[in-house]
Amino acid sequence: MGYVGIPAAALLADSPQFDHVYGFQRDSPSSGYKIAMLNRGESPLKGVEPGLEELLRKVVAAGKFRCTSDFSKIADLDAVTLSIQTPFLNKEDLLPDFSALKEGIRHVGRHLQPGMLVVLESTITPGTTAGMARELLEQESGLKAGQDFALAHAPERVMVGRLLRNIREHDRCVGGIDETSTKRATELYSPVLTLGKVIPMTATAAEVTKTAENTFRDLQIAAINELALYCEAMGINIYDVRTGIDSLKGEGITRAMLWPGAGVGGHCLTKDTYHLERGVQMLGKGTLDYPEKEPSLYVLARRINDFMPIHMFRLTVDAMKRAGVPLKGAKVAMLGWAFLSNSDDTRNTPSEPYRDACIREGAQVAVHDPYVAEYPGVPLVPSIEEAVKGADATIIFAGHNQYRSLDASYLKNLSGKKHPVIIDGRNMIDPDIFIRHGFVYKGIGRGDKNGHAITEP
Ligand code: SAJ
């Protein structure tokens, strides 16, 4: 019962095609509290999720949805879906941590009945559905996949803040280990789709589709981040270049220019490339034809995006040098801890490696984020004022709307410094205004401004 399972369960329960839906949740110290909340029709998810609370209240009141930790109830079901996190243990060795997923699959296997459908919604290494999942289910149940039960992969495509809409409106890739399994899974998802439609394919094709669509998004971000680094080095403005490139329109010309920034976080783009890489290593062993000794373009893209917080740190060091203030003992105000603008989601946030680097250099870091109340090991301050008060440097790390209206003279007074530093990692402020107020400015991709003359008050 997480960001994927809860909205999916509520929508299935709200569909007249289905009589009853169970949400399964381990009664663990860290997550057991969700069971009682959900059975009261309350959402345990943080952040604003339009329509979810109302829908949960409705399906609980109608007796169509119930959350339980009793996995034996699986034996009464016609279909069961698994949306369990699949992080990576070791990205260098491409080792995913499937322990939680395997535990979930074993629970299903133990209570699996002939005629049931099992669907994996988690993002998984290509080959997992027809491989590990199938083997575990057959082992635990003694039944045969494709013969006694149906098995498919139907990857989620949700984003925090719009979970219900994404499930209803995005097309759904549905891939069975055989045609019957694809048909059964199509029956399951079609009723909850409004604008979206089912796109049938094989299980492995669905696994590659999901891992590749996130890998390609990460690649597009890496491409514009690399261009931003080039623009800084060449003394030009990435946003002029982006507008220029984007202006080429016409048949067959697609321009998917994304936005450069302080880094790429979240639970998806930071790992799905490695699932894809692992997949081709396993399924493409001995058959992949690729230029010798050349690195994977996708892994290189991951490395470029992982470099951006380090680049933010180097911009800070350079700017502090220009301001004539050592980073050691300085106060750094970080604006934005969430990995995504206007969300409270902090999974794999790029803000963390930046903060760690500043602290390693002996700086004191104050973190503010309007959406994030707490984070293990990182104290957050409640107001921008408290963060920026007496700060030698202010770092914009997340694109929260609130930071778009930062006032230069107000921040200058708060910092009380002659030449406070400001680093813009999300193109949120107008550099000229801050430079006029005596700030030492640096911005991602702003080679046209990063070497500006410092204005004396
Ligand atoms: N980012 C940039 N520049 C951009 C877009 C994003 O630097 O132009 C950064 C963001 O700041 C963030 C990270 O990338 O740190 C990820 O942002 P995101 O908008 O991709 O958010 P996710 O990871 O929650 O959503 C992605 C989406 N995948 C695709 O669009 C292919 C979403 O549709 C998926 O459902 C989700 O991954 C997932 O769950 O897989």
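Just follow the structure's listing: the first ligand is 1, and inside any ligand the first atom is 1.
Residues that satisfy the salt bridge (Lys or Arg N to Asp or Glu O under 4.0 Å) test with Arg302, not counting sequence neighbours, are Asp218, Asp306. Applying the salt bridge (Lys or Arg N to Asp or Glu O under 4.0 Å) test to Arg106 and every residue at least two apart in sequence or in another chain returns Glu140.
Of all the heavy atoms in Ala333 and Ala387, the pair that sits closest is CB-O, 3.3 Å.
Among pairs with a residue in residues 195-221, those fulfilling ring pair (Phe, Tyr, Trp, His ring centres under 6.0 Å) read Phe216-Tyr298, at least two apart in sequence or across chains.
A cation-pi arrangement, defined by a distance under 6.0 Å to the six-membered ring centre and an angle within 45 degrees of its axis, is absent between Arg426 and Trp259.
Listed by chain and number, residues touching ligand 1 at under 4.0 Å (heavy atoms only) are Glu156, Arg157, Val158, Met159, Lys210, Glu213, Asn214, Arg217, Ile221, Leu258, Trp259, Gly263, Val264, Gly265, Cys268, Leu269, Phe339, Leu340, Arg426.
Relative orientation of the Phe71 and His107 rings is parallel, given thresholds of 30° and 60° on the angle between their planes.
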